[in-house]
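Below is one structure, written out as structure tokens, with a few remarks after it.
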Amino acid sequence: MKECDLVLKGGVTSGLAYPQAISKIGEHYRLRSIGGTSAGSMAAALAAAAEYRRQTDKNFAGYEKFKVIDAQLASDMRAMLQPSEALAPLYQIGVDYLERDGLGDSFLERAKNLWKYYRLLKPYRQDAKPAARRNGGAVAGGGILASFALGGGGLAGAGLVGGVGLYAIQVLYKTLRNIQKELQAHDFGVLPGTTQGDQPKAAIIDWLADRVDEIAGNWPDGMAPEKPLTAKDLRSHDIKLSAVTTDLSSRRPFQLPFSFSEHHYFREHEMNAVIPPRVVRWMIKIAKGKEKQITIDGRSETLYPLPDYDNFPVILTTRMSMSFPGLIQAVPLWRVDKTTKKWARCLFSDGGISSNLPVHMFDDWLPDRPTFAVSLGSYDEERHGRDNGSIESRVRFSDKVQDVLEYPAYRISGILGFLGAMFYSAKDWQDNLQSNLTGFRERVAEILLDKSQGGLNLDMSEEEIRILQSYGKLAGEKIVSKFDFDENRYRRALSILPILGSNLAGAAKVITEHPPSSDEALAQTYLELLQTHASDAFEQSDEWRDNALVPFVEQLAALGATEEVRRLSEGKLPHTDAKLSLTATPEMTRPQGAVGQPIA
């Protein structure tokens with residue numbers, strides 16, 4: 001069976017399009033590496049579970065369960081999104097506002113909704129009223145007394161206006177402070193993801209954890225297992241699940257699962273709030289590192305090390321990637337800040353903040369299997385044409401060579417539109433450029449959605465959900481029927497080899513030539529430097545230097561100086577605005593030697 005990798009873009013409810021697309025791809029390809037961000041990581045976890053079931057049971061039963069997961073999710077979506085009790089009013093306001101697409105059209109409708117939202121905010125403003133009444137009353141009373149004493153009626157009016165204004169400002173300020181306090185206490189998300197109170201249905205993360213295990217066949221006696229599906233389970237059948245998360249506290253992305261466990265730790269009650277307690281109990285049971293006792297707010301607390309790569313639960317990989325800011329609570333982990341030597345509480349939020357379509361996630365210079373990607377875009381009638389109810393115009397998959405000057409221009413209107421354009425430009429520019437390179441573009445299927453479809457639309461009708469499913473199915477069909485792997489490999493080779501040749505030619509020059517310098521101590525060639533330089537930080541053996549490093553560099557210089565390398569740029573080549581360079585990745589691997597010793 002043919003093999004492929006798969007990357008899925010984040011998009012909240014837009015992910016309802018994924019099960020049909022992935023199942024169609026799964027009929028023709030064996031999934032090897034699956035990744036995504038946000039809602040894409042959720043679909044990736046379910047897809048990995050389905051592929052695991054196929055490899056273990058040698059049947060399509062996991063995919064059959066996966067194919068209907070979108071209908072299950074859609075029918076119970078509202079019941080699964082369970083806010084914490086303290087933030088339920090904010091959730092109600094947000095959902096109502098999004099469903100109305102604003103406050104309303106008429107002045108009366110807007111006033112009515114503002115009054116409703118004001119009443120919903122009652123829990124946050126109650127403790128503000130006594131002080132506000134006292135201060136506002138003092139100003140109003142002072143104005144009235146002054147009018148009697150000085151005989152000026154205007155002073156009474158000014159005092160009343162000032163008192164009312166002060167009351168309103170103080171109540172508003174205190175209300176906002178209380179909201180901020182509750183959001184911070186709940187790690188800036190109204191939905192923890194786990195089941196709240198005595199709700200009859202499971203919340204989204206509890207539901208997802210059960211479905212991952214059920215689809216994988218990890219469901220003994222019809223009950224949730226003690227041991228969840230892990231990275232090791234997947235790897236035993238050559239399946240890799242990856243996701244991107246964003247550590248807001250450290251200002252950087254990470255690729256999950258973490259490759260080692262001695263760096264990040266968790267508190268039991270904090271982890272219980274964001275993933276099922278059954279998974280947390282198992283994480284504590286199998287932890288290989290030592291527990292840490294630290295003092296937090298004057299109390300002794302226990303920190304447990306995260307599981308190592310093999311034991312990293314699939315549900316934790318997904319949960320750490322789908323903490324949509326403001327909606328789904330961030331995941332708190334602890335680590336030692338080696339600069340301050342203190343324990344720091346780090347908040348891991350949505351992977352889409354860093355990379356919403358990491359099409360490069362499983363990339364090689366010359367790949368031996370394709371990495372397909374399913375992207376989510378915005379439908380624009382002016383650019384995409386009238387769809388006339390046809391799903392064909394909403395799914396784009398083409399091997400057309402990209403014109404470097406063919407890129408969309410979006411209309412910016414209003415301050416919010418301007419700020420949104422700034423945010424998405426900063427967040428998505430790398431993904432957008434990468435997915436349009438020759439060798440990448442022709443393996444990305446894009447589903448175009450209008451404002452009423454997917455995204456934060458939490459109350460779509462059955463018909464709207466059916467349409468999303470049809471988009472996903474068509475995307476999968478186009479990938480399996482139209483993709484030409486040989487043509488893609490040829491284009492990829494033509495894109496990267498001339499750039500590689502250019503880099504080799506440049507390397508050959510600097511390896512053998514002296515750098516321009518008046519200081520003779522700095523005038524060594526790279527080859528001389530690598531033969532003689534003694535580094536305190538990276539001390540090498542003479543055997544490794546003489547038999548590995550120097551011969552490799554000499555061969556590199558010789559290759560870069562050949563006529564064939566010079567002539568590579570003379571062919572008919574794709575226009576590729578790209579370069580090969582040493583680029584940091586979000587995947588943090590275990591440090592080697594003294595530099596990265598585990599925390600004591």
Taking Thr195 for the side chain and Ala203 for the main chain, is one N or O donor matched with an acceptor at less than 3.5 Å? yes

Give the C-alpha distance, both sets of side-chain angles, the deciding distance and a yes or no for salt bridge (charged side-chain N to carboxylate O under 4.0 Å, His left out) between Lys9 and Asp431. CA-CA 10 Å; Lys9 186 175 183 178; Asp431 293 341; over 6 Å; no

Contact between Thr576 and Leu437 at the side-chain level, heavy atoms closer than 4.5 Å - yes or no? yes

Does Lys579 have more than 12 heavy atoms from other residues, nucleotides or ligands lying within 6.0 Å of its NZ? no

Could you check whether any side-chain N or O of Ser23 sits under 3.5 Å from a backbone N or O of Gln20, counting only pairs where one atom can act as donor and the other as acceptor? no

Tell me if a side-chain donor or acceptor on Gln82 pairs with a main-chain N or O of Pro192 at a distance below 3.5 Å. no

From CG (Leu497) to CG (Leu573), nearest 0.5 Å: 9.5 Å

Side-chain touch Ile25/Leu6, heavy atoms, less than 4.5 angstrom: yes

Ring centroid separation for Phe348 and His264, is it under 6.0 angstrom? yes

Just to verify, what does Asp308 make a salt bridge (Lys or Arg N to Asp or Glu O under 4.0 Å) with, not counting sequence neighbours? Lys288

Look only at the side chain of Ser495 and the backbone of Thr438, and say whether a donor-acceptor pair between them is shorter than 3.5 Å. yes

Sorted by chain and number, sequence neighbours left out, side-chain contact (heavy atoms from CB on, under 4.5 Å) with Lys290 holds for none

Between the side chains of Thr302 and Gln293, does any donor sit under 3.5 Å from an acceptor? yes

Report yes if the distance between the aromatic ring centroids of Tyr309 and Phe312 is under 6.0 Å, otherwise no. no

Does Pro370 reach the side chain of Phe483, with side-chain heavy atoms less than 4.5 Å apart? yes

Checking side chain to side chain donor-acceptor pair (under 3.5 Å) for the pair Ser323/Arg319: CA distance, chi angles, key distance, verdict? CA-CA 7 Å; Ser323 299; Arg319 177 64 179 85; 2.7 Å; yes

Under 6.0 Å between the ring centres of Tyr265 and Tyr304? no

Full working for salt bridge (charged side-chain N to carboxylate O under 4.0 Å, His left out) between Asp5 and Lys240: CA-CA 9 Å; Asp5 299 334; Lys240 178 180 180 181; over 6 Å; no

If you measure from the Lys or Arg side-chain nitrogens to the Asp or Glu carboxylate oxygens, is any gap between Asp310 and Arg235 under 4.0 Å? yes

A quick test of your reading: do over 12 heavy atoms of other residues, nucleotides or ligands sit less than 6.0 Å from CE of Met223? no

Given Lys65 and Ile69, is the side-chain contact (heavy atoms from CB on, under 4.5 Å) satisfied, shown in steps? CA-CA 7 Å; Lys65 285 183 176 292; Ile69 208 78; over 6 Å; no

4.5 Å side-chain heavy-atom contact, Arg394 and Leu474: no

How close do Arg335 and Ser250 get, heavy atom to heavy atom, and via which atoms? NH2-OG, 2.9 Å

Rounded to the nearest 0.5 Å, what separates atom OH in Tyr18 from atom CZ in Phe66? 11.0 Å

Correct closest heavy-atom pair for Arg54 and Arg30 would be NH2-CA, 3.6 Å

Going by an N to O cut-off under 4.0 Å, is there a salt bridge joining Asp399 and Arg441? no

Answer yes or no: is there a side-chain heavy-atom contact under 4.5 Å between Tyr29 and Lys24? no

Between Pro276 and Asp206, which heavy-atom pair has the shortest distance, and what is it? CG-OD1, 3.3 Å

Output the distance between atom CD (Gln255) and atom OG (Ser242), rounded to the nearest 0.5 Å. 4.5 Å

What is the minimum heavy-atom distance between Thr317 and Pro257, and which atoms define it? OG1-CG, 3.8 Å

Nearest 0.5 angstrom please: Ser84 OG to Tyr91 OH, how far? 11.5 Å

Would you confirm whether Asp247, through its side chain, and Ser249, through its main-chain N or O, come within 3.5 Å as a donor-acceptor pair? yes

I'd like to check Ile496 versus Leu580 (side-chain heavy atoms, cut-off strictly below 4.5 Å). Are they in contact? yes

Determine yes or no for a side-chain-to-main-chain donor-acceptor pair under 3.5 angstrom, with Asp484 supplying the side chain and Asp486 the backbone. yes

Closest non-hydrogen contact found for Asn218 with Leu229 is ND2-N, 3.6 Å

Between Phe258 and Leu333, is there a side-chain heavy-atom distance shorter than 4.5 Å? yes

Sort out for me which residue in Leu234, Asp233, Leu31 forms a side chain to side chain contact (heavy atoms under 4.5 Å, CB included) with Ile239. Leu234

Do the side chain of Lys427 and the main chain of Gly352 share a donor and acceptor less than 3.5 angstrom apart? yes

With no hydrogens and no angle check, is any side-chain donor or acceptor of Arg32 less than 3.5 Å from a backbone partner on Asp238? yes

Counting only heavy atoms not in Phe552, do more than 12 sit closer than 6.0 Å to its CZ atom? no

Could you check whether Glu226 pairs with Arg278 (Lys NZ or Arg NE/NH1/NH2 to Asp/Glu carboxylate O, under 4.0 Å)? no

Is a donor on one side and an acceptor on the other found under 3.5 Å between the side chain of Gln329 and the backbone of Val274? no

Would Asp210 and Trp219 satisfy side-chain contact (heavy atoms from CB on, under 4.5 Å), going step by step from the backbone distance to the final call? CA-CA 9 Å; Asp210 287 351; Trp219 202 249; 3.7 Å; yes

Looking at Glu270 and Arg345, is there a salt bridge between them, counting it only when a charged N and a carboxylate O are closer than 4.0 Å? yes

Is Tyr424 atom OH crowded by more than 12 heavy atoms from other residues, nucleotides or ligands, each under 6.0 Å away? no

Partner set under side-chain contact (heavy atoms from CB on, under 4.5 Å) for Pro325, not counting sequence neighbours: Ser349, Asp350, Ile353

Tell me, yes or no, whether the heavy-atom count around Trp365 atom CH2, taken from other residues, nucleotides or ligands under 6.0 Å, exceeds 12. no

Would you kindly say whether Thr246 and Ser354 are connected by a side-chain donor-acceptor distance under 3.5 Å? yes

Parallel, tilted or perpendicular, judged at 30° and 60°: which one describes the rings of His237 and Tyr52? perpendicular

Got Arg491 and Val401 here, is their nearest side-chain heavy-atom distance under 4.5 Å? yes

Go through the steps for Asp363 and Arg492 under the test salt bridge (charged side-chain N to carboxylate O under 4.0 Å, His left out), then give the verdict. CA-CA 11 Å; Asp363 199 33; Arg492 181 60 182 267; 2.7 Å; yes

Could you measure the distance from the CD1 atom of Ile315 to the CZ atom of Arg211? Nearest 0.5 Å is fine. 11.0 Å

Smallest heavy-atom separation, Thr37 atom then Ser355 atom, equals CG2-O, 2.8 Å

CD (Gln72) and CE (Met80) are apart, to the nearest 0.5 Å, by 7.5 Å

Spell out, as yes or no, whether a donor-acceptor pair under 3.5 Å connects the side chain of Gln430 to the backbone of Asp428. no

